[in-house]
Amino acid sequence: MSTEKPAEEPVADSLREDDWEAIEETRLRTGVVDKAFDKYVHTMEPLWRHVFGIDLRRWWLGMRSPHGPLKDYYRKDYATLDLPWNRVEFLAIDLEATGLDPDHDEILSIGYVPVIKGRVKLAEAGYHLVRPRRPVPEETAVIHGILDGHLENAPSLREVLPHVLKAMTGRVPIAHHARLERFFLSRACRQLYGNPLDVPFVDTMVLERKAFSRSNREIKQGDLRLGRIRERYGLPRYRAHDALVDAIGTAELMLAQASAMEGGKKAVRMGDLLS
Amino acid sequence: MEVELIEIRDFLATTHPFDVLPAEEWDQLAKDVEIRYARKGTELITPGQPAEFLYIVRTGAVETRDPEGEILARLSEGEVCGVRALIRGEALNRSLTIEDSLLYQIPAKRFDTLRKSYKQIDFFFAPMVGGRLSEAKGAVVGEQELNLLSIRLEEMLTREAVTIGPEATVQGAAKRMKESRVSCVLVTEGTALVGIFTDRDLRNRVVAEGVAFDTPLREVMTADPIRLDATSYAFDAMLTMSRHNIRHLPVVRGKDIAGCITTTNLIRTQTKSPVYLVGDIHKRSDAEGLKEVLSHIPELVHQMAESGATAHNIGHIVSTLTDAATVRLIQIAEERLGPPPIPYVWAAAGSQGRHEQTAQSDQDNCLILHDSYVDAQHGEYFARLAKIVCDGLDTCGYVYCPGEMMAMTGQWRQPLKTWKKYFSKWIEEPEPKALMLSSIFFDLRFIHGEEALFDELQDLVLEKCLKNRIFLAYMAGNALTHQPPVGFFRNLVLIRGGDHNRTLDMKHTGVVPIIDLARVYALSVGVKAVNTHERLMLAMDRKAISQDGAMDLRDALEFISLTRLRHQARKIRLGEKADNYLEPEALSSFERSHLKDAFGVVKTMQASMGNTYQAGRF
C-alpha cells in the first residue's frame with residue numbers, strides 16, 4: 001500500500017476542491033503527508049493549538065473576541081466528549097469557494113443543516129450565497145456552477161457569517177473533509193473579528209478511513225469521496241457541489257456511520273466521532 | 001435567505017401521492033421533513049405507542065406485521081409507512097426496518113394539514129384508514145372525483161358560448177337565452193369577457209327589483225366574472241363553483257372565450273335507463289330483436305361506471321337485463337310449443353345466477369323438472385324449449401357455455417330427484433375435479449317457472465352442506481386454487497409470455513378468488529343468497545367471517561370489479577374486444593396502489609381460510 005507513490009498534486013492557484021480532496025484522501029489512505037499539504041497545515045495550525053486544551057482555548061478566544069457574533073458563539077458551551085452521540089446537537093456544514101487556499105480564495109456559498117437527536121432537521125437548514133470581492137475564477141465556477149451573475153445581489157461575508165455562527169452555536173460541526181471548512185471559516189472569523197474559529201469538527205472522511213482500518217480493508221483511489229462512501233451505505237445519489245446538498249449528504253452519512261459504529265456493542269459517544 | 005432543498009423536493013415530487021401536490025407545496029413539505037437513518041431491525045412503530053410521524057422510505061425497506069406476527073406489508077423506496085397509526089392516533093401494528101434505511105419523517109400534524117388541504121392526498125390515504133381497504137368507499141366514491149381530475153374543461157365544452165354585448169337590454173338578453181335555450185349569456189366587448197348574466201340574475205336583480213326591461217345589461221350583469229382556463233380540470237371547476245356558490249363558469253383560452261360550464265354539465269349523466277331497456281325487451285318477439293336491445297349493454301355499463309355506480313349495482317342491473325331476455329325467450333318458446341305439460345324451473349347459474357354479470361358472457365343455466373317427468377312423454381317438449389332459449393341467448397350474445405352447462409345439455413335438464421342426487425353426490429362424495437366444474441351450480445338462482453321446486457332443491461343443498469365439513473374443506477381447497485396476483489413485496493405479479501404477456505387476469509386472479517371464498521363462507525352457515533356481496537354480509541351476520549374480513553373482502557371485490565369494468569369499457573371504446581387482461585401501465589398509480597391493497601386483502605383471507613379448513617390436507 002505504501003509502495004504507491006505519494007500524489008504530487010501542484011499547489012497552484014488552479015487547485016480545485018476535487019484535487020484538495022484527493023490530496024487529503026491520499027494522505028488518509030497512505031499515511032504519507034505530502035509537502036503540498038504540509039504547507040497548509042503549518043500555516044493554518046499554529047503551535048499553541050497543540051499546547052493548550054480546547055476548552056481553555058475556547059474560553060480564552062471568547063474573552064479576546066470583540067462583542068459580536070464570535071464572542072456569542074464562544075460563550076455557549078458545547079457538548080462533552082462522553083455524551084452519547086445522539087444526544088449531541090451537530091451542524092453539518094459545506095462550503096464552496098473560489099479556490100482552495102483559505103488565505104487567498106473566498107467563500108462563495110455556505111450550506112448547513114442541524115442534526116438533533118439523530119435527525120436531520122431540514123426545517124432549520126440554511127444556505128447563503130456570498131459575494132466575493134473578486135470575480136469567480138472560471139475553473140472553479142465549472143465545479144460549483146456559481147457564476148458572478150448569481151452573486152451580484154448576494155450579501156457579503158460580513159453579513160452572512162453571523163448567521164452561520166449562530167447556527168453553529170452549541171453544536172458540533174460536521175463536514176466531509178473538514179479541513180477546508182475549518183480553515184475557511186476560521187480565516188473568515190480572523191478577518192472579521194480578529195480571532196480564529198477554534199472548534200473540533202466531526203470529519204466523515206476521517207470516520208470512514210477509521211472504519212476501513214478497523215475492518216482491515218484496503219482503501220483504493222476514490223474510496224473516501226463523499227459520493228462513493230454514501231453509495232456504500234446505500235444512501236441516495238445526490239448532485240455534488242451544491243453547498244446545501246453536500247451538507248445534507250454529509251449529515252446523512254454521519255448518521256449512517258454512527259449507526260454502523262453502534263452495530264458494535266458499546267454505545268457510541270461524541271468522542272468516538274471526533275478525530 | 002431562500003433555502004431550496006432540491007434533492008428532497010425532487011424526491012417528493014416524483015413520489016406518489018406527493019407528486020400531485022402543487023410545486024410550492026413540495027418546497028414547503030421538504031422543509032418539514034426530518035431525515036432519519038435506521039439500521040436494519042430498528043422498530044419505527046410500536047403497538048400501543050402514539051404515532052408521531054409519517055415515514056417515507058427513501059432507501060432501504062420496512063416491514064409491517066400485525067400483533068400475531070403476520071406480515072401485512074413490505075415497503076420499499078418511495079412507499080409510505082405509518083398512515084393507519086397516525087389516523088388512529090395509536091399504532092396497532094409493528095413496523096421494523098429490514099434493511100439499513102434512510103427515512104424521511106413528516107410530523108403527524110403536518111400530515112394532518114396535508115390531508116385536510118389536498119383532497120387528492122386524502123383520497124390516496126383513505127383506503128388505509130381504519131385498517132381496511134375502505135371505510136371508505138373513499139376509494140370508490142372518490143374515483144368519480146378522480147375522474148374529474150383527469151378531464152379538462154375543454155373536453156367538456158359542447159357548444160359555442162352564447163354571447164351578447166353590454167349595451168343590449170335585459171329583455172334582449174332574455175330573448176337570446178330563450179332562443180339558444182341556455183341559462184346564461186356571456187357579456188363580451190370585442191372578444192373580451194366583461195360579464196355574465198344568468199337566469200338567477202334575471203330573477204334577483206331584474207324582476208324582483210322591478211328594474212325596467214330595457215335597462216342595459218351592463219347595469220345588471222356580474223362584471224368581470226370568475227373564469228377558468230380551458231386547460232383546467234373539471235375538478236377545479238367543481239371546487240370554484242362550490243366555493244363561490246355559482247352555477248355558471250365562463251371558460252377562456254388566454255383572453256378569448258372558449259365556452260361556459262354549468263353545474264348541469266358537471267353532473268350530467270347520460271345513463272341509458274335500464275328500466276327503459278327492460279321495457280323494450282318485453283316488446284320484442286324474437287332473439288334478433290332482443291339482441292338489438294341488449295347491444296346497448298356495453299354502453300350502459302360504461303356510462304354507469306362513469307357516473308359512479310358501484311360494480312355491485314352494475315352487476316345487478318346487467319343480470320336483470322339478462323334475466324328479462326331469458327324470461328322473454330322462455331315466453332316465446334312457450335308460445336310456440338304450447339303450455340308446459342308439467343311444472344318446471346328455469347334457473348341461472350354462474351355470474352348471472354350471482355347477479356354479477358357485467359357484460360354479456362357465456363350462458364350457464366339448467367332446467368329442473370317436476371318429479372312427474374316421464375322422458376318419453378315430456379322429454380321432447382323440454383328439449384325443444386331448452387334449445388329455443390339457449391339458441392336465443394346465443395344469438396343475443398350469451399354464447400354457449402364451453403363446458404355445456406346449459407339446459408340444452410340433457411344432463412342438466414333433469415327432474416328434481418335427479419338434481420337432488422347430483423348435489424348429494426357432490427356434497428357427500430366430493431371429488432376435486434368434479435367440484436371445480438360443478439361449483440357454478442352452487443350459485444343457482446330461480447329465473448322462471450314453479451318456484452317451489454327450486455326452493456325444495458335449495459333447502460336440501462344447504463342442509464347437506466351444513467352437515468358436511470369434508471365437503472366444505474374441499475370447497476375451501478377449491479377456493480384457494482386461484483391466487484391473487486400480488487407478490488411478497490406487494491408488487492403485482494404479471495402473466496408472463498403468451499398472448500397476455502405482462503397483464504393481470506382480472507377475472508381468474510381478480511374476482512374469482514373472492515367469489516370462491518364467499519361461496520364457502522355462505523355454504524358453511526346455510527346462507528341462501530348467491531350474490532357474493534350478499535353472501536359476505538350474511539355470512540358475517542352468522543359469524544362465518546369476521547366483520548373486518550367481510551367488509552375488507554366486499555370492498556376489495558368492489559374495487560377489483562370496477563377496475564375490471566373500466567378496463568373492459570376502455571377496450572370497447574378502442575374498438576377492441578372486452579377481455580379480462582389488464583395492463584398495469586394502463587392504471588394510474590392511485591389505482592395500482594388500491595389494487596395492491598385489494599389483492600392483499602384477498603391473500604390474507606385465503607390464508608385464513610386455508611388455516612380454518614387445513615385446505616392443504618385434502
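In what follows, every chain begins at residue 1, and chains take the letters A, B, ... in the order their sequences are listed.
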Relative to chain B, which of A/Asp242, A/Leu235, A/Leu129 shows the most heavy atom pairs under 4.5 Å?
A/Leu235
Which atom names give the shortest non-hydrogen contact between B/Asp66 and B/Asn93, and what distance separates them?
CA-OD1, 3.3 Å
Please classify the contact of B/Gln105 with chain A as side chain, backbone, both or neither, using a heavy-atom distance under 4.5 Å.
side chain
Heavy-atom cut-off 4.5 Å, strictly under: side chain, backbone, both or neither for B/Ala30 against chain A?
backbone
Partner of A/Thr204 by side-chain hydrogen bond (donor to acceptor under 3.5 Å, both in side chains), out of A/Gln257, A/Arg209, A/His176, A/Arg230:
A/His176
Whether the A/Tyr238 and A/Glu252 side chains hold a donor-acceptor pair (N or O, under 3.5 Å, no angle test) is what I'd like checked.
yes
If I measure from the heavy atoms of chain A, does B/Leu103 come under 4.5 Å with its side chain, its backbone, both, or neither?
neither
If the plane angle is over 60° it's perpendicular, under 30° parallel, otherwise tilted; pick one for B/Tyr104 and B/Phe11.
perpendicular
